[in-house]
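Per chain, numbering begins at 1; letters A, B, ... match sequence-line order. Every value quoted in this text rests on a predicted model; they were computed, and no experiment measured them.
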Amino acid sequence: MAEDKLPTRAEDFAEWYNQLVIKSDMADYAPVRGCMVVKPYGWALWENITSWLDREFKETGHVNAAFPTLIPMSFFEKEKDHVEGFAPELAVVTHGGGEELEEKLAVRPTSETIIGHMYAKWIKSWRDLPLLIVQWGSVLRWELRTKLFLRTAEFYWHEGHTAHASADEAKEEMYRILDIYERFCLEEAAIPVFKGTKSETERFAGAHTTTSIEAMMWDKRALQSGTSHYFSTNFAKAFEIQCLAKDNTLQFAETTSWAISSRIIGALIMVHGDDQGMVMPPRLAPIQAVIVPIYKNENEKTKVMEVADRIFMELKSAKIRVKMDDRENVSSGFKFNDWEMRGVPLRIEIGPKDIEKGTVALARRDKPGKEGKTFVSQSLLDQAVSGLLDEIQSSLLKRATEYRDANIHNPKDFEELKQVVQDGWAFSYWCESTECEKKTKEEAKATTRNIPFNQPEQEGTCIVCGKPSKRKVYFARAY
RNA sequence: CGGGGCGUGGCGCAGUCCGGCUAGCGCGCUUGCUUUGGGAGCAAGAGGUCGAAGGUUCGAAUCCUUUCGCCCCGACCA
């Protein structure tokens, strides 16, 4: 069997990514341009992501529902910014049942409009608020340049849509969700993120305020990994979401929307993956530990499999997601590489020598080679495995955080900013004017990512124009 | 939409300039035997209307015309 290596990340990061997605068996190209097929292994990862989020949403009072994929075109025209933002990437259905449609239908690129329409119908009284609905599904945006998981025409996500009686309550909701997103990234995905506010130009089409979590990829580019928007009454006015308040006056509702998409899988790949392939954080890994039995003949096979089967059952009952690789047609060396490509956090090798000594070999995915390989006793293996999985999880977060922090710079002036964003992020004072942002985009190829919350009360001068400014922003090249 | 490249078994390609016999090669796949502690070896097989349509010719993957599709680089986004 020939070697089937990835290019290294340093050689060609884009190509490394493309091949990794295919070879790790997470997704494949669909026959429709820009679309992907999420394969069972990739979907299992997505399910682990969604089930954690779904539980958190439900615990904070949200309920799930489903709205149609097709949206009347006229709905998009009701909110001026929204239509301008999404018009270029709409797919439109013009025919149905062989007849041309009187009103064209858009394939949803997001659901604010149709949900706004329904909310107007459902919300009549302050007693109907808050309304906290989450939709899990897919949306379609006619993207020009696509990349598996990162930017595909159709992608999977949840979209939360909430309506509230007051602006404060709606803003609170926006922040509450962003906190859940942050916790997901830190605790589950092992990806450090910055929470903050988007600039006016980076804001969601139709939003009053857009907040985001921003993560640094291995190539030091930024990836917006989740967003949470406060709409004020923009959509309520466009769709007439009105209710009678306690004082019997007619009020517009305050709404929000928020999302994390299957793009987060791209982030997992680009933050944790290495030159051998994927590295799954244990808490999200579809397979947390894989057992590779090793033997030369039937006699050895019998002895090895007996122990391997026992260990498999033991780990399974300890709620560890364990897989037995009993394929006979590939060598154990092939299996090692294969599971490394797929990013399984822990490999358990059991061979004749282990049977003699009552041990197994444990190989950590996050530490390749001998460094990550230890021999441990077969007894109490479930505890050893759980412990190691926890250790891998926290070690991945630590590594990613150190890497990110080491690549954030504090340039002295605009010239230096242009330099540092070629291979890192800049964290600088910015006057929050669109002109300075535009200049940065044109001359440094970097955009503002977000203005992080909780900044020290300190004044500085805008890195671009030198005017006094109150807050710092992250500048980076972004996906 | 502008510029560059490509369509040949599942994947990657050669062959095309200069038409000629059963269209090759590598990987993968199937079967068997030997292997298995870092991407195994040998043997025997299966698999292709050469992107599509039309034309030239005794004869087209190859020449001509038309057409479809894909990839890469410049205006958007989770």
Side-chain angles (χ1 to χ4, degrees), chain A residues 1-6 12 14-15 18-19 22-23 28-34 84-90 109-110 138-147 149-160 181 198 201-205 210-215 222-229 257-267 276-277 292-298 300-301 304 325-341 347-357 359-363 368-370 372-373 375 441-442 445 447 478-479:
Chain A
M1 214 163 282
E3 290 195 17
D4 202 11
K5 281 192 161 175
L6 295 173
D12 188 344
E15 190 52 27
N18 289 339
Q19 289 190 22
I22 300 298
K23 289 180 178 165
D28 201 354
Y29 292 99
V32 181
R33 63 153 302 173
E84 279 172 18
F86 282 102
E89 44 191 17
L90 282 187
T110 179
S138 71
V139 287
L140 191 77
R141 297 180 186 178
W142 213 256
E143 296 291 348
L144 299 174
R145 296 188 55 202
T146 60
K147 198 161 191 172
F149 289 118
L150 268 192
R151 186 185 294 107
T152 47
E154 184 180 18
F155 61 87
Y156 300 88
W157 72 350
H158 65 262
E159 41 180 329
Y181 288 170
K198 283 293 206 182
T201 52
E202 297 282 326
R203 191 184 293 159
F204 179 81
T210 288
T211 60
S212 73
I213 47 172
E214 302 283 337
L223 186 77
Q224 180 176 313
S225 305
T227 50
S228 184
H229 317 289
S257 84
W258 26 273
I260 279 185
S261 76
S262 44
R263 173 184 249 193
I264 195 78
I265 293 175
Q276 312 307 314
V292 179
I294 295 154
Y295 47 80
K296 285 194 185 68
N297 50 50
E298 281 302 313
E300 283 182 0
K301 180 183 173 184
V304 166
D325 188 353
D326 52 7
R327 286 179 290 178
E328 307 243 8
N329 56 334
V330 291
S331 67
S332 41
F334 179 89
K335 291 177 183 177
F336 297 168
N337 289 287
D338 193 33
W339 293 112
E340 278 169 9
M341 184 66 78
R347 183 178 68 241
I348 303 169
E349 302 169 21
I350 307 172
K353 290 176 205 161
D354 296 301
I355 303 302
E356 278 173 36
K357 291 185 282 187
T359 58
V360 301
L362 290 183
K370 281 187 182 160
K373 202 151 167 174
F375 292 87
K441 190 169 184 177
E442 279 164 11
K445 303 263 179 254
T447 52
Y479 274 100

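- Distance from the side chain of A/Arg263 is smallest for B/rC77 among the nucleotides B/rC77, B/rG37, B/rU36.
- Nucleotides B/rU34 and B/rC71, compared at atom P, are 47 Å apart to the nearest Å.
- Separating the C1' atom of B/rC63 from that of B/rC17 is a span of 11 Å, rounded to the nearest Å.
- B/rU57 is unpaired under the criterion used here, namely a Watson-Crick or G-U wobble arrangement in which both key atom distances are under 3.5 Å.
- With both pairing distances under 3.5 Å, B/rU16 is matched to nothing as a Watson-Crick or G-U wobble pair.
- Across all strands shown, B/rG7 forms a Watson-Crick or G-U wobble pair, both distances under 3.5 Å, with B/rC68.
- When each of A/Pro352 and A/Ala153 is assigned the nucleotide of RNA chain B with its nearest heavy atom, A/Pro352 is the one assigned upstream, toward the 5' end.
- Using the six-membered ring where Trp is involved, A/His158 and A/Tyr181 have ring planes that are tilted, between 30° and 60° apart.
- Taking atom P in both B/rU56 and B/rC64, one finds a spacing of 15 Å when rounded to whole Å.
- Residues A/Glu89 and A/Pro109 form no side-chain contact, since every pair of their non-hydrogen atoms from C-beta on lies 4.5 Å or further apart.
- Between B/rA40 and A/Ser331, a contact under 4.0 Å exists linking OP1 or OP2 to a side-chain N or O.
- Across B/rA61 and B/rG15, the matching C1' atoms stand 8 Å from one another, rounded to whole Å.
- For A/Lys23, the NZ atom is densely surrounded, since the number of other residues' heavy atoms within 6.0 Å is greater than 12.
- Taking atom CZ of A/Arg203 as the reference point, atom C1' of B/rC77 lies 16 Å away to the nearest angstrom.
- Panel note: side chain A/Glu202, backbone A/Lys198; no donor-acceptor pair is recorded below 3.5 Å.
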